[in-house]
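Inspection log for the structure reproduced underneath, given as structure tokens.
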Amino acid sequence: MRRCRYRGQGKAHIQHVLTAIAVNIERLSGLPSTEEAPTPRRPTAFQNYLDQREIPRPKSWRTLGS
């Protein structure tokens with residue numbers, strides 16, 4: 001990317017964006033495939049607090065308004 005093929009700031013910007021996309025696709029194609037599901041996250045301290053006191057908690061904060 002040191003030398004740009006096109007003249008003008010707009011065309012040079014497009015070339016740099018497309019080059020970055022191509023580089024990222026190359027990087028992603030080289031990653032090993034993940035067949036297994038990711039491990040679930042550990043509960044937070046607040047979730048543990050609610051669970052210890054048997055206080056029901058919603059699945060998501062987004063469901064509170066529904």
Side-chain angles (χ1 to χ4, degrees):
M1 289 189 12
R2 287 186 186 252
R3 293 185 184 214
C4 191
R5 180 177 180 170
Y6 304 104
R7 289 183 172 222
Q9 186 177 4
K11 292 178 184 177
H13 175 71
I14 290 174
Q15 179 184 348
H16 292 166
V17 169
L18 293 175
T19 302
I21 290 171
V23 168
N24 287 334
I25 289 173
E26 287 255 345
R27 288 179 181 167
L28 287 174
S29 67
L31 291 177
S33 62
T34 56
E35 300 276 331
E36 58 197 43
T39 58
R41 294 189 298 184
R42 293 178 21 194
T44 63
F46 182 67
Q47 290 169 338
N48 285 333
Y49 175 84
L50 294 176
D51 292 341
Q52 288 171 355
R53 284 152 184 80
E54 298 178 1
I55 301 172
R57 54 184 167 103
K59 295 278 183 191
S60 171
W61 61 269
R62 293 181 180 93
T63 61
L64 291 176
S66 309

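Atom set for the values below is all heavy atoms of this structure, side chains included, hydrogens, waters and symmetry mates excluded.
Hydrophobic clustering, with ILVMFWY side chains joined whenever heavy atoms are under 4.5 angstrom apart, groups I55 together with F46.
If you take OG1 on T19 and CD1 on I14, they are separated by 11.5 Å, rounding to the nearest 0.5 Å. Between R42 atom CZ and Q47 atom CD the span is 11.5 Å, to the nearest 0.5 Å. Here the straight-line distance linking atom CD1 of I21 with atom CD of E26 works out to 13.5 Å at 0.5 Å rounding.
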